[in-house]
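What follows is a set of notes on a single structure, which appears directly below.
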Amino acid sequence: MLQSPEGKTFQKIYQIVRRVPAGRVVTYGQIASALGTRQLARTVGWAMRACPDDVPWHRVINSQGAISTPRITGTANLQKALLEAEGVEFRVDGTIDLHLYGCSALVLEDL
DNA sequence: CGAATGACCAAGC
DNA sequence: GGCTTGGCCATTC
């Protein structure tokens with residue numbers, strides 16, 4: 001069964017991810033930082049694992065600017081497609097330029 | 001309640 | 001420059 005995303009942090013993470021504008025991506029560290037502690041990155045991963053339909057999880061990537069979903073259920077293909085549909089360009093390595101598509105942490109904290 | 005895991009990040013060697 | 005260790009938070013067994 002799918003855990004119980006009723007934790008306050010879970011909802012907070014979802015809120016932040018929802019604030020990510022289309023065509024932009026954020027790293028786990030940024031989300032964790034928006035929550036207050038960068039170390040929360042791990043919990044963020046758990047929250048993403050629940051990946052509700054209301055959360056554009058495809059805009060969430062790791063600090064390397066690469067997709068971290070392929071380790072789950074071959075969702076990388078879907079994520080890449082969604083991001084490309086939003087106008088995000090992928091490098092030859094399959095990574096994204098955080099310098100261009102990296103969203104500002106201020107937007108995430110703009111609760 | 002205690003131990004283990006998890007889609008991570010940063011620092012250390 | 002690449003690999004290893006530590007750390008925090010939340011969830012699960």
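Naming: A, B, ... by sequence-line order, numbering from 1 per chain. Given the structure is predicted, the values throughout are model-derived calculations rather than measurements.
- Residues A/Phe90 and A/Ile67 have side chains in contact (heavy-atom distance under 4.5 Å, counting atoms from C-beta outward).
- Within the 4.5 Å cutoff, the side chain of A/Ile13 has heavy atoms near those of the A/Met48 side chain.
- Between A/Thr9 and the phosphate of C/dC9, there is no side-chain N or O to OP1/OP2 separation shorter than 4.0 Å.
- Taking the side-chain hydrogen bond (donor to acceptor under 3.5 Å, both in side chains) definition, one finds that A/Ser33 meets it with nothing, sequence neighbours left out.
- Contact check for A/Leu78 versus A/His58: no side-chain heavy atoms found under the 4.5 Å cut-off.
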Footprint string (nucleotides 6-13 of chain B, 5' to 3'): B base within contact, S backbone only, - free, heavy atoms under 4.0 Å: BBBSS---

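- Scored by the side-chain contact (heavy atoms from CB on, under 4.5 Å) test, A/Arg71 finds no partners at all (sequence neighbours excluded).
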